[in-house]
Amino acid sequence: MCWSRSLLASWLVLLIQLLCLEAVPISMDKTKVKEPEPKVDEIPASVDTGLHYDRYLREVIDFLEKDQHFREKLHNTDMEDIKQGKLAKELDFVSHHVRTKLDELKRQEVNRLRTLIKAKQDLEGGNDIAVDHQALLKQFEYLNHMNPHTFEVDDLDRLIKSATNDLENYDKERHEEFKRYEMMKEHDRREHLKTLDDDDRKREEEHYEEMRKKHADHPKVNHPGSQNQLKEVWEEADGLDPEDFDPKTFFNLHDSNGDGFFDEQELEALFTKELEKIYDPTNEEDDMVEMEEERLRMREHVMNEVDSNKDRLVSLDEFLVATKKKEFLEPDSWETLEQNQAYTDEEMREFEEHLTQQEQDLNQKAFDLQKQREELERQQDQLNAQKMELQQAVEHMERLKTQRVEPPPEVHVEGNALPDLHGIGNQLAPGHHDLPQEPQAHKDIPQGHYQGQEHDLPQQGLSHQDLPPGHQEVP
């Protein structure tokens, strides 16, 4: 993929350059320097930009580059016009085949975001809650979520603006992340010292100082981008005679993809030899996270010195101009990270206060959760006790039902025979009252009917206490 000068000067070209990286030639056994032959166009290896929509961005750029009309417009469009959205309007004139593919890419990206949203919801335990994808998609500003089916001018404009802003803030965010890393490392060291007795603490402090001195004891580090630094790469990495150093040839040798520009990754590759002087992954005193921060500092410095048009690319012309400056020929010494602490004492104090507050908040939350747990357990105990009482009451009612006395069966008497009342005793059944003792002839009693009638049975000696159940006192 080879871009022209005007194409690479634009913002979109910047993104393409960030995706292209190949290894710097190492140990080239050359006795003579020759101008490199023109390279045949080929697809370079892709490098992740660090953006969460990196793949979508790269695919959109790749297909737009295939449209001849769009490429021609890039020749005559500067970066400011691109940022203002003028280039995005040219999407209306892109071929149908490219537009169709862009539509497909957008649908795939929207589906990917929806899948991520659903997966996040599942992890948070909200399986039964309906997901408002339209509302959640608003956080992804690099595409128009209201139209998930077709790639329009607004989508390209959003993608350009989002990627520009995100890439500009990328280095700043990396520095802040590294600062937090260093402060946390120092915080952990201090906390560890608090757990030691006096003798162990003294030994630990002595070991720490020894490691610091050992790390600082390294060969001189050349100023990044200076003649001395580049000559060292020319000699040790390229295997060439320092006396034959030629800036133009050096540029062509290390322009890995042959596009006529140094992008950020190609520049960072030039600093490997300097970083190896300071950091060794096998040494206890060397931190590889710090090495990557040092690499970033070197690249930023060279970009600030050489990238005159601030397009995050170094052209051959910019590079040659820089090699004629005094800073290139007689540079100042380079101060490494151990000479420039990443944070101030005030920042460290605020960081530890923040950690202390976080710890207090977490402890308070843990305490509140424990109280809630105890309250729930108490309520559960109450419910269990109520359940047991209810169960006992039910069992008691069941026992009463089984123990209740059944009423005697109804007695039918034929003729003048009297019912056998033996065993009834002298007590009336519930609901019975005394009857007046008025004699009445036996013949007046209807044959076979006693229940519900007035009876007088003096000849049998039946008292009102001996009446069968169901008989009541008659006034």
Side-chain angles (χ1 to χ4, degrees), residues 1-22 36-49 51 53-106 108-109 142-144 150-168 251-252 255-266 307 309-318:
M1 185 184 301
C2 258
W3 294 78
S4 65
R5 173 65 187 90
S6 59
L7 188 64
L8 287 164
S10 66
W11 172 89
L12 193 57
V13 177
L14 166 62
L15 297 179
I16 290 294
Q17 300 308 313
L18 290 176
L19 303 175
C20 304
L21 174 64
E22 295 178 359
E37 299 179 358
K39 297 181 179 180
V40 179
D41 289 358
E42 57 183 12
I43 299 176
S46 296
V47 176
D48 197 328
T49 62
L51 303 178
Y53 50 93
D54 172 76
R55 179 176 178 178
Y56 176 65
L57 174 64
R58 287 187 288 111
E59 290 176 340
V60 169
I61 292 175
D62 288 343
F63 274 94
L64 284 174
E65 184 228 354
K66 296 177 181 179
D67 186 84
Q68 184 63 30
H69 171 80
F70 199 85
R71 291 184 57 132
E72 290 176 355
K73 287 297 179 181
L74 278 173
H75 285 279
N76 302 318
T77 307
D78 59 30
M79 186 177 298
E80 288 303 318
D81 288 340
I82 292 176
K83 290 182 179 180
Q84 294 174 7
K86 293 183 178 180
L87 180 64
K89 296 178 181 179
E90 298 299 325
L91 184 67
D92 290 334
F93 303 99
V94 170
S95 67
H96 176 72
H97 170 70
V98 173
R99 288 296 296 271
T100 301
K101 186 60 180 179
L102 292 176
D103 293 344
E104 181 182 347
L105 291 176
K106 182 179 179 180
Q108 292 174 356
E109 182 67 7
Y142 62 92
L143 51 74
N144 180 9
T150 58
F151 189 95
E152 305 295 342
V153 172
D154 183 51
D155 291 296
L156 182 56
D157 186 45
R158 285 169 176 261
L159 186 60
I160 290 174
K161 292 179 179 178
S162 295
T164 301
N165 182 67
D166 293 342
L167 288 172
E168 287 176 351
F251 185 93
N252 291 329
D255 177 16
S256 301
N257 57 3
D259 57 17
F261 293 86
F262 278 163
D263 59 34
E264 295 178 345
Q265 285 74 32
E266 289 169 331
D307 181 20
N309 63 357
K310 305 304 177 184
D311 62 354
R312 300 172 71 95
L313 297 168
V314 176
S315 66
L316 175 60
D317 291 338
E318 289 173 329

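What's counted below: heavy atoms across the whole structure, side chains too, no hydrogens, waters or symmetry copies. Predicted, not measured: the structure shown is a model, and the values here were computed from it.
For E152, the salt bridge (Lys or Arg N to Asp or Glu O under 4.0 Å) criterion is met by R99, not counting sequence neighbours. In this structure, the side-chain contact (heavy atoms from CB on, under 4.5 Å) partners of K101, at least two apart in sequence or on a different chain, are F63, E104, L105. Taking the ring-ring contact (aromatic ring centres under 6.0 Å, His included) definition, one finds that F262 meets it with F251, F319, sequence neighbours left out. Applying the side chain to side chain donor-acceptor pair (under 3.5 Å) criterion to D307, with sequence neighbours excluded, gives no partner residue. With sequence neighbours excluded, the residues satisfying side chain to side chain donor-acceptor pair (under 3.5 Å) with D154 are R158. Listed by chain and residue number, nothing satisfies the ring-ring contact (aromatic ring centres under 6.0 Å, His included) test with H97 (two or more places apart in sequence, or in another chain). By the side chain to side chain donor-acceptor pair (under 3.5 Å) test, N144 pairs with no residue at all, sequence neighbours left out. E90 pairs by the side chain to side chain donor-acceptor pair (under 3.5 Å) definition with H69, not counting sequence neighbours.
Atom CG of L156 sits about 11.0 Å away from atom NZ of K106, to the nearest 0.5 Å. To the nearest 0.5 Å, the span separating CD on E109 from CD on E59 amounts to 8.5 Å. Here Y142 contributes atom OH and D157 contributes atom CG; the two are 16.0 Å apart, rounded to the nearest 0.5 Å. Between D155 atom CG and L102 atom CG the span is 9.5 Å, to the nearest 0.5 Å. Atoms OH and CG, from Y53 and L143 in turn, are 10.0 Å apart once rounded to the nearest 0.5 Å. Atom CG in N309 sits 4.5 Å away from atom CD in E318 (nearest 0.5 Å).
With hydrogens and angles ignored, the 3.5 Å screen pairs no side-chain donor or acceptor of D263 with any backbone N or O of L313. Under a 3.5 Å cut-off, the side chain of D255 and the backbone N or O of D259 do form a donor-acceptor pair.
V314 places none of its side-chain heavy atoms less than 4.5 Å from the side chain of E266. Side-chain contact between K73 and F93 is absent, with no heavy-atom pair separated by less than 4.5 Å. For the pair F70/L87, a side-chain contact is recorded, criterion being any heavy-atom separation below 4.5 Å from C-beta on.
Here the closest heavy-atom approach between residue V153 and residue A88 is recorded as CG1-O, 3.5 Å.
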* Residues D62, K66; criterion salt bridge (charged side-chain N to carboxylate O under 4.0 Å, His left out); working and verdict -> CA-CA 7 Å; D62 288 343; K66 296 177 181 179; over 6 Å; no
